Amino acid sequence: MRYLSGVHDFLQIEGMTRVELEYLLDATNMNIPHAEGRQPAKSTLDGKVVANVFFEDSTRTRCSFETAVHRLGGEVFTVSAAGSSASKGESLVDTALNIEAMGVAVMVVRCAISGGAAMVAKSLKIPVINAGDGRHEHPTQGLLDVATLREALGPLDGRRVAIVGDVANSRVARSTTKALCLLGTRVRLVGPPTLVSRTMQSLSAVPDQIEVSHDLDSALADVDAVIMLRIQLERAAGSAISSDYRVLYGLTQARIRRLPAHAVILHPGPMNRGVEIDDSVADDPGRSRILRQVTLGVASRMAVLERAAVG
Ligand code: CP
């Protein structure tokens, strides 16, 4: 699997080394002033065109890739399933081959098929970036999540992070867990038995680096951060959750009081407010890093695009 070698695809966190991840984290940090507009756009992508091929809906990932290209001095266009010839039955790979033939430098792909981005990468000569493929991975979300946690907490070795909710259906959980494990963080996966199982401990090769818990109340007292996951109704998680989900697994104000004072809260978005997270928690200026994730999403996608386009 190509991820950061040869053609500079970025398809998954699986198989990356710690050195490669830290390279991207350091590049992310250097891009923050540009991502925030405090420094002028860079010229890394000068004269280059990036294609965003989004066959699943998106706000954060699509717009932040577009913003990242602008901040790197390049040009970008986005293709969605609706309004393209995908609606006439053209396949993802045929769509990608035709767009590559227009001379684009990098392709960003989001699709509902697990392994879909790798399938495109295998057919193309240009670098491909996975912007989320089915239940498989969402590697740039993993990168921006650990960038946000490093900014809030410092080095992540020995830290403990709870990832709570619909882990089974979450490509974010897979990428972020793998990224945290690469950096030496202990991960606690929390949720109902239908959505979190002990088999998920195999996401790390290090014994006991990943714990599984079905009891959120007892899982919060010793963590440095909580990443809440969205209940993914479009991936049929709705049938696997009970009507008392908020009571058992929602991050409420009462549960926040169980956290250490320094602990921060993340959520990849979009949030189901009042289900997995309460308004007062999501908007807590002291603990919530949810909008900071979005800002660092631009900086981290700049880093991945620079790596892809320039090497
Ligand atoms: N976090 C995330 O992937 O959000 P979008 O679906 O809006 O891109």
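Note that this is a predicted model, so its numbers are computed, not measured.
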**OP:** Check whether any side-chain N or O of S80 sits under 3.5 Å from a backbone N or O of A82 as a donor-acceptor pair, and report yes or no.
**Re:** no
**OP:** Could you pull out all residues at least two apart from E100 that satisfy salt bridge (charged side-chain N to carboxylate O under 4.0 Å, His left out)?
**Re:** none
Original post:
If two hydrophobic side chains count as joined below 4.5 Å and joins carry through other members, does L144 share a cluster with M228?
Top reply: no
**OP:** Show your reasoning for whether salt bridge (charged side-chain N to carboxylate O under 4.0 Å, His left out) applies to R258 and D217.
**Re:** CA-CA 8 Å; R258 293 176 180 267; D217 287 319; 3.4 Å; yes
Original post:
Between V76 and V49, is any pair of side-chain heavy atoms under 4.5 Å apart?
Top reply: no
Subject >> ring pair (Phe, Tyr, Trp, His ring centres under 6.0 Å) partners for Y249, two or more places apart >> reply: Y245
Original post:
CG of L180 to CG of D145: how many Å apart, nearest 0.5 Å?
Top reply: 7.5 Å
Original post:
Can you tell me how far CZ of R150 sits from CG of L183, rounded to the nearest 0.5 angstrom?
Top reply: 7.0 Å
**OP:** Examine distances only and state if a side-chain atom of R188 and a backbone atom of E211 form a donor-acceptor pair shorter than 3.5 Å.
**Re:** no
**OP:** Give a yes or no on whether V161 and V212 share a hydrophobic cluster (residues Ile, Leu, Val, Met, Phe, Trp, Tyr; joining criterion: side-chain heavy atoms under 4.5 Å apart).
**Re:** yes
Original post:
So, S84 side chain and A81 main chain: donor-acceptor pair closer than 3.5 Å or not?
Top reply: yes
Original post:
Considering all heavy atoms of both residues, which atom of V93 and which atom of S123 are nearest to each other, and what is their separation?
Top reply: CG1-OG, 3.5 Å
Original post:
Which atom pair, heavy atoms only, marks the closest approach of D133 to G116?
Top reply: OD2-N, 3.8 Å
**OP:** Name all residues meeting the side-chain contact (heavy atoms from CB on, under 4.5 Å) criterion together with D279; count only those two or more places apart in sequence or in a different chain, and write none if there are none.
**Re:** R273, D283
Original post:
Is the backbone N or O of R135 less than 3.5 Å from a side-chain atom of S114, with the two atoms forming a donor-acceptor pair by type?
Top reply: yes
**OP:** Taking the side chain as every heavy atom from C-beta outward, state whether L21 and M16 have any pair of such atoms under 4.5 Å apart.
**Re:** yes
Subject >> T17 backbone acceptor or donor facing E20 side chain under 3.5 Å >> reply: yes
**OP:** Would you please name every residue forming a side chain to side chain donor-acceptor pair (under 3.5 Å) with T95, sequence neighbours left out?
**Re:** none
**OP:** State, without any angle test, whether D215 and S218 hold a side-chain donor-acceptor pair at a distance under 3.5 Å.
**Re:** yes
Original post:
Do D224 and H262 get their side chains close enough for a donor-acceptor pair, meaning under 3.5 Å?
Top reply: yes
**OP:** Determine whether I126 and V106 make a side-chain contact, defined as any pair of heavy atoms from C-beta on separated by less than 4.5 Å.
**Re:** no
Subject >> Test side-chain hydrogen bond (donor to acceptor under 3.5 Å, both in side chains) applied to Q293 and H267, step by step >> reply: CA-CA 8 Å; Q293 287 174 270; H267 191 304; over 6 Å; no
**OP:** Begin with the C-alpha distance, continue with both residues' side-chain angles, and end with the deciding distance and a verdict on side chain to side chain contact (heavy atoms under 4.5 Å, CB included) for T67 and F65.
**Re:** CA-CA 5 Å; T67 305; F65 267 112; over 6 Å; no
**OP:** Carefully, step by step, assess T140 and F10 under the rule side chain to side chain contact (heavy atoms under 4.5 Å, CB included).
**Re:** CA-CA 8 Å; T140 59; F10 190 55; 3.7 Å; yes
Original post:
In the hydrophobic clustering that connects Ile, Leu, Val, Met, Phe, Trp and Tyr at side-chain heavy-atom distances below 4.5 Å, which members other than V310 occupy its cluster, ordered by chain and number?
Top reply: none
Original post:
Which heavy-atom pair separates V298 from S64 by the least distance, and what is that distance?
Top reply: CG2-CB, 3.8 Å
Subject >> Where L156 and V146 come nearest, the two heavy atoms and their spacing >> reply: CD1-O, 3.9 Å
Original post:
With a distance cut-off below 6.0 Å to the six-membered ring centre and an angular limit of 45° from the axis, does R110 pair with F55 as a cation-pi contact?
Top reply: no
**OP:** Taking the side chain as every heavy atom from C-beta outward, state whether N130 and H138 have any pair of such atoms under 4.5 Å apart.
**Re:** no
Original post:
Hey, mind stepping through M271 and I290 against side chain to side chain contact (heavy atoms under 4.5 Å, CB included) and telling me if it holds?
Top reply: CA-CA 10 Å; M271 292 182 276; I290 294 169; 3.9 Å; yes
**OP:** Please answer whether the main-chain N or O of D46 pairs with a side-chain N or O of S43 as donor and acceptor at a distance below 3.5 Å.
**Re:** no
Subject >> Within-4.5 Å side-chain heavy-atom neighbours: V69 and E75 >> reply: no
Subject >> Path from V264 to L296 over hydrophobic side-chain contacts below 4.5 Å >> reply: no
**OP:** Output yes when a side-chain donor or acceptor of T177 lies under 3.5 Å from a complementary backbone atom of R174, and no otherwise.
**Re:** no
Subject >> Of R171, Q12, K178, the residue whose pairing with E137 passes side-chain hydrogen bond (donor to acceptor under 3.5 Å, both in side chains) >> reply: K178
**OP:** Check salt bridge (charged side-chain N to carboxylate O under 4.0 Å, His left out) between R60 and all other residues, then give those that pass, not counting sequence neighbours.
**Re:** none
Original post:
Any chance the side chains of N169 and D166 put a donor and an acceptor closer than 3.5 Å?
Top reply: yes
**OP:** Measure across R301 and Q141 and return the closest heavy-atom pair with its distance rounded to 0.1 Å.
**Re:** NH2-N, 3.9 Å
Subject >> Verdict with supporting geometry, R292 and E151, salt bridge (charged side-chain N to carboxylate O under 4.0 Å, His left out) >> reply: CA-CA 10 Å; R292 190 64 182 159; E151 184 182 71; 2.8 Å; yes
Original post:
Where is the tightest heavy-atom contact between I13 and P139, given as atom of each residue plus distance?
Top reply: CD1-O, 3.6 Å
Original post:
Taking S288 for the side chain and A282 for the main chain, is one N or O donor matched with an acceptor at less than 3.5 Å?
Top reply: yes
**OP:** To the nearest 0.5 angstrom, please state how far the OG1 atom of T185 sits from the CZ atom of R159.
**Re:** 9.5 Å
Original post:
So do the side chains of N29 and I32 get within less than 4.5 Å of each other, counting heavy atoms only?
Top reply: yes
**OP:** State whether the side chain of D94 and the backbone N or O of E90 hold a donor-acceptor pair below 3.5 Å, judged by distance alone.
**Re:** no
Original post:
What distance do E66 atom CD and N52 atom CG have between them, rounded to the nearest 0.5 Å?
Top reply: 5.5 Å
Subject >> Side-chain touch R62/T78, heavy atoms, less than 4.5 angstrom >> reply: yes
Subject >> L97 side, atom CG; M102 side, atom CE - distance, nearest 0.5 Å >> reply: 11.0 Å
Original post:
Rounded to the nearest 0.5 Å, what separation is found between the CG atom of D284 and the CG atom of D278?
Top reply: 11.5 Å
Original post:
Are D222 and R186 close enough for a salt bridge, meaning some N to O gap below 4.0 Å?
Top reply: no
Original post:
Is E306 salt-bridged to K42, going by a charged N under 4.0 Å from an acidic O?
Top reply: yes
Original post:
Do side-chain atoms of R287 reach the backbone of A263 as a donor and acceptor pair under 3.5 angstrom?
Top reply: yes
